[in-house]
Trainee: 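So that we are looking at the same thing, I have put the structure below in structure tokens.
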Amino acid sequence: MAGRGTNGRHGSRGHAGRTAALARLLHKECIQLLELYRNSESLPSSPVDGGYLVSIPPLVPQLSDAEKISILHAALKECLRLLEDVITREDAEFSDEDSEYKRKWKTVRDRLGHLLASTEQLLVEGQKFEAKVKEELDGQAVSGSFRLKMWIVRVLQDLVHWTGQTSDTLRSLPAEVEKAPKTMSRRTRRGAEKIRK
Amino acid sequence: METVAVKTDPVTGLHSWTWHSPLPLECTSHSAHIRARNQQSVSQWSPLQTIPGWDIPEKSESNMFPQDKVVPVGSNMTFCCIVKEKEDFKEIMYGRQEMSATRLSRRTYAITATNQPVSGNTGTNVICCSQRLTLTGAVVFVGYPPGDEGLVCETRDLASAECSWKKGRDTGLRMRRSRTKYTLNGRDCLEANERKRWWCSSKAWEQSWTLVARNPLGTVHLMDSAQLTDRVHLLAPVNVTAVEVKAWSATLQWSWSVAAYKKLEMVCQLQLFAHELNSTRNYSGPGLSSVVLESLWPDVDYTVTLYCGSKHGFWKWGDKSAPYRIHTKMDRPDALDVWMWMDSSNTGCVFWKPLSVRKSHGALVGYEVSQSSAEEDGWTPVSLPPGNFSYPIILNNGSDITVAVAARNPAGLSQPSTVTTPAYRADSQLSMSELLSTNGSFVLSWQPNANASSGYAVEWVPTGCSGLCPVDWKKVPESDSSFTLNSDSLVAGVRYTVSVYALSTGAPTLLQRWQGYSQEMTPSQSVRELLPNQSGSDVLLSWKATAMENQRGFIRGYTIYLANAAHLELIANISDPEVQSYRVKGLSLSSYKFVVKAYTSAGEDAGATVAIKMEMDTADMLFVGILVPLGIMFCCLILISICCYKKREWVKKAFYPEIPGPKVPGDWSSPQGPLDVKPSPHSLVHIVESPEWDFTKEGLFPVPEEEEESENDNIEVDADSDEPALLRYYNQVVGDGSHGNQVSDSSGSSNTSVDSTQTEITYAGIQSPTSSQGACGGGGYRPQMQSVIGPAEPQIEFEADFQDDGLHAGYKPQCSWQLDSPEAENFSGSLGSPTSVTSSQFLIPESSEEKPQPSNTWFHNFLSGKS
């Protein structure tokens with residue numbers, strides 16, 4: 001999380017700057033949402049057993065910035081899928097009455113969609129990464145409402161984690177990457193290939 | 001161990017018995033064995049049967065039991081947490097409450113929640129935690145069974161049914177599978193199950209209805225039965241329209257959305273809303289769709305709302321129609337309420353009251369005033385704008401005139417209202433009684449008058465008002481002889497003149513007149529022209545009452561205060577308001593401040609203050625200031641004179657002792673030539689200039705020649721002068737005899753008679769002194785020519801001089817000379833001083849027979865007893 005403060009650089013950095021700002025905003029909202037959920041459910045602040053649901057290849061330094069963004073984009077995509085699944089299941093299981101918590105859920109979902117669309121423009125053409133979800137809700141041994149609640153917490157923890165990662169990575173992009181994202185992506189890809197060679 | 005009686009199943013021939021464990025069986029392994037007992041004989045135990053719990057090593061994960069239980073509020077429940085292998089146990093939380101856990105096995109811990117409260121929206125969480133992780137948990141849903149009640153079915157279209165009920169107490173169960181499910185006569189009630197409203201419909205009317213409400217905690221059955229005609233709830237009329245609108249009525253039409261209503265005998269209620277004109281009207285008829293609204297008011301905005309119900313077996317009013325607006329047309333105004341008020345015998349004003357909305361029947365555009373008199377034929381009309389409510393009247397030759405006033409609006413002119421000038425009666429011509437108010441109102445009553453064929457008029461106006469006065473009146477029917485003038489038409493603190501007139505076809509006749517205040521207040525201003533007038537030791541305070549408009553109540557009297565530093569001291573209370581002066585008696589010479597306050601029944605005013613400084617009057621001043629001191633002085637003089645007369649011998653001795661005649665040895669009878677006695681060439685200058693002597697005031701000092709010259713011209717002695725009298729005396733004497741020598745004598749710069757051509761002897765003493773200065777007292781007079789021994793006690797300062805100056809060895813200072821003049825007393829310090837020895841008087845008169853006469857005044861005569 002270090003270095004995720006506001007420095008104002010994105011204001012003059014074009015699309016990537018705006019995307020980084022969006023990621024930072026989303027990251028804050030995910031933290032707020034997790035806090036809101038824990039308070040409303042009287043859940044302890046200790047982490048839920050099981051680690052992160054979404055797994056990606058390690059972001060080693062040899063990877064180019066564009067590749068890192070592509071990997072994180074894949075992770076966020078899985079987060080969105082999990083989030084939508086959680087919203088559907090929660091509405092089905094519990095009350096569908098409107099509340100601040102429910103409105104925040106939908107705000108985070110919409111903003112996550114915007115972040116995915118925004119980062120997609122920074123991706124390297126033709127290069128695709130996939131993220132994996134280690135566990136699915138239906139595969140767990142004990143069913144029940146508490147399991148669903150813990151699943152929601154884990155999804156929110158993943159959201160906090162991956163939006164934070166994305167925000168940090170976008171902030172660390174060199175300026176030339178953002179001037180012509182597609183062109184730069186090609187150049188970066190070539191550079192990355194060179195590095196691999 | 002538990003002993004139970006178990007019967008054999010007749011079908012299967014097996015024994016079965018169910019045991020309900022308070023602890024979920026998954027929490028830990030449970031073992032059971034059974035044996036039979038018959039009377040006192042028991043069988044062997046069966047082999048132990050074990051139901052493995054989830055805490056066996058094969059199941060290494062964390063788990064909690066039971067999961068998602070729905071229980072009623074107030075129940076008790078036991079939860080167990082199975083900690084996963086190699087993980088520690090910290091606590092079990094029930095909601096936000098940390099519970100006391102019991103360890104059941106190596107990995108199983110249990111808590112019991114008692115008297116559970118109702119859960120929140122998503123149930124109550126029971127959470128099992130290790131030191132670092134949230135291990136597992138469960139949710140329990142605590143709520144109530146359904147509390148629905150009051151099923152009622154009705155029809156809106158005279159065919160189908162709609163049943164509704166009250167939801168009752170919230171079950172607290174919001175999980176989908178825990179929500180209350182409804183069925184009406186066995187059919188699912190979709191509307192209610194979707195939680196949209198507590199309402200269920202049926203396409204056909206049935207005689208009886210049963211609603212079943214069910215949730216995991218219980219079931220409720222609600223029943224209702226009724227005839228369709230008794231449960232008609234009409235829908236709202238639609239397309240409400242006013243087809244004909246007049247000034248006093250309108251026709252309203254509407255239609256129904258259900259065709260079956262056209263044959264229904266119905267009753268409708270119509271609500272009219274207007275400013276202060278709200279009303280509700282009922283109409284009835286089969287399939288009612290039109291009514292005529294009577295008794296409306298012209299030029300009024302009405303808002304109409306309509307709803308209907310079944311007339312036979314009325315169930316309830318149907319839905320209200322949308323509000324509809326009607327504006328009635330205008331009509332001619334009503335007649336005005338007119339009155340005439342005379343403020344003098346030939347001037348007055350005709351007044352009329354503004355018409356209310358109900359009476360104007362449309363916005364007024366003006367008034368028409370016409371007047372006629374006996375001397376003139378016909379009416380003289382005048383048009384006035386709508387803001388006018390009065391018109392001045394002037395009587396010519398004192399003959400009565402009749403005034404007619406009518407109001408005009410766009411619909412026409414009202415009926416004229418006429419009034420004839422009443423006879424003017426000034427207040428001073430009447431004996432008016434004081435009118436006391438009752439709770440701010442005036443209750444008036446008068447003797448019925450036979451001439452009051454048109455009733456009475458009560459008129460009230462602020463007393464003493466002139467010009468544009470707020471005249472108000474009220475006309476009372478002939479049958480009444482009393483009237484209550486309410487406080488809302490009166491102003492507190494204002495004196496009103498209230499008059500009652502008898503009304504007939506002619507001029508109104510004054511019957512009675514009063515004056516009074518609806519509410520008395522303290523005067524707003526203090527008394528005027530408060531003046532103090534001192535008369536000896538008395539002060540007469542006089543004042544005038546404040547103007548009537550400031551009195552704000554009947555003046556009941558005055559209070560007079562003496563204002564001290566911090567408070568007012570009441571010195572008089574004058575209860576007669578006609579008395580407007582007061583005499584404060586017996587005041588000493590000092591400053592006083594008086595405060596005079598007028599009071600009404602409401603209290604005193606702020607008070608007027610006047611200050612006065614008591615002074616003596618002229619006669620006293622003359623007496624005390626002049627005559628008394630003079631008298632005292634005169635008395636003193638008389639006393640002194642008497643005293644001196646009585647003691648004249650003593651006085652004479654003391655002040656004017658007899659001067660013995662000189663005893664001259666030898667023959668002095670015939671002159672042998674002029675005695676040439678030359679004064680000492682040293683004169684007295686030598687003595688006076690003794691450096692040890694202080695000449696400033698108390699001693700003698702040499703007179704400068706210039707002063708001598710000037711003073712010689714003025715013989716009179718200046719009594720106020722500080723100049724030593726001695727010198728003046730000397731000069732005077734010298735001047736008498738030797739004017740010429742004084743100026744020319746420069747050698748002495750003093751006052752010597754060095755070159756005197758007539759007197760050769762220096763006068764050293766006139767009388768024998770009686771003072772204690774022995775040098776002068778015992779020896780008496782001794783001419784200087786005598787060579788006698790010096791004084792026994794000469795002044796020390798001059799002793800050396802006398803010793804050095806042999807020419808003055810026999811000289812005797814004139815130690816008693818100063819007694820010649822009273823002024824000399826001030827120079828007692830110089831007694832015996834050598835400086836004062838000079839004298840130009842002749843010690844020996846020309847005639848030895850004559851005694852010296854230092855002065856020859858009446859005082860001397862008086863003292864000596866001469867007349």
Side-chain angles (χ1 to χ4, degrees), chain A residues 33-53 85-106 134-158 160-161, chain B residues 24 26 54 58-70 79 81-87 90-98 119-141 143 170-179 194-196:
Chain A
L33 184 59
L34 177 60
E35 192 68 20
L36 200 62
Y37 187 73
R38 278 187 164 139
N39 282 338
S40 66
E41 291 292 336
S42 307
L43 297 173
S45 57
S46 54
V48 178
D49 192 12
Y52 295 119
L53 293 170
D85 184 42
V86 160
I87 291 172
T88 306
R89 282 174 183 266
E90 195 175 35
D91 280 349
E93 195 73 15
F94 301 114
S95 167
D96 53 1
E97 291 171 1
D98 197 21
S99 65
E100 185 192 352
Y101 158 71
K102 287 284 178 78
R103 288 192 294 274
K104 198 79 176 176
W105 261 126
K106 285 163 186 167
K134 291 191 290 187
E135 298 174 37
E136 291 293 344
L137 182 62
D138 296 333
Q140 294 197 3
V142 176
S143 63
S145 300
F146 191 77
R147 179 183 154 227
L148 175 60
K149 291 179 180 180
M150 287 300 101
W151 183 260
I152 291 169
V153 172
R154 293 184 69 183
V155 170
L156 287 172
Q157 285 178 353
D158 269 51
V160 170
H161 175 71
Chain B
E26 297 92 339
W54 285 53
E58 290 78 12
K59 295 180 182 292
S60 61
E61 291 302 312
S62 296
N63 280 300
M64 179 171 271
F65 298 99
Q67 290 281 332
D68 294 344
K69 288 283 274 185
V70 181
F79 298 88
C81 170
I82 301 169
V83 181
K84 76 176 182 179
E85 291 287 356
K86 299 179 182 175
E87 192 65 69
K90 181 189 175 191
E91 63 185 358
I92 297 175
M93 302 285 292
Y94 183 88
R96 296 180 187 275
Q97 185 182 0
E98 182 182 343
S119 300
N121 284 345
T122 58
T124 304
N125 296 326
V126 186
I127 303 164
C128 183
C129 300
S130 70
Q131 293 293 343
R132 61 182 187 89
L133 291 172
T134 299
L135 295 173
T136 183
V139 180
V140 59
F141 299 92
D170 183 9
T171 63
L173 303 176
R174 290 184 175 76
M175 288 277 286
R176 280 194 185 277
R177 60 177 179 270
S178 305
R179 289 175 188 165
E194 291 298 321
R195 296 161 59 89
K196 289 177 182 173

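Letters A, B, ... are given to chains in the order of the sequence lines, protein chains preceding strands, and every chain is numbered from 1.
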Trainee: Check side-chain contact (heavy atoms from CB on, under 4.5 Å) between L34(A) and all other residues, then give those that pass, not counting sequence neighbours.
Mentor: R38(A), V153(A), L156(A), Q157(A), V160(A)

Trainee: Indicate yes or no: at least one non-hydrogen side-chain atom of F146(A) is less than 4.5 angstrom from one of V126(B).
Mentor: no

Trainee: Taking the side chain as C-beta and beyond, is there a heavy-atom pair between P44(A) and M93(B) under 4.5 Å?
Mentor: no

Trainee: Between S42(A) and I127(B), which heavy-atom pair has the shortest distance, and what is it?
Mentor: O-CD1, 3.8 Å

Trainee: What's the spacing between R174(B) CZ and E93(A) CD if we round to 0.5 Å?
Mentor: 15.5 Å

Trainee: To check you understand the geometry: which heavy-atom pair defines the closest contact between Q67(B) and G144(A), and what is its length?
Mentor: OE1-CA, 4.2 Å

Trainee: Main chain of N125(B), side chain of K149(A): is a donor-acceptor contact present, judged purely on distance under 3.5 Å?
Mentor: no

Trainee: Counting N and O atoms only, with roles assigned by atom type, does the side chain of R176(B) sit under 3.5 Å from a partner on the main chain of D91(A), one being a donor and the other an acceptor?
Mentor: yes

Trainee: Does atom CD of Q131(B) have more than 12 heavy-atom neighbours, drawn from other residues, nucleotides or ligands, at distances under 6.0 Å?
Mentor: yes

Trainee: By ring pair (Phe, Tyr, Trp, His ring centres under 6.0 Å), which residues pair with Y52(A), not counting sequence neighbours?
Mentor: H161(A)

Trainee: Side chain, backbone, both or neither: which part of K59(B) has a heavy atom under 4.5 Å from chain A?
Mentor: neither

Trainee: Nearest 0.5 angstrom please: Y101(A) OH to T122(B) OG1, how far?
Mentor: 8.5 Å

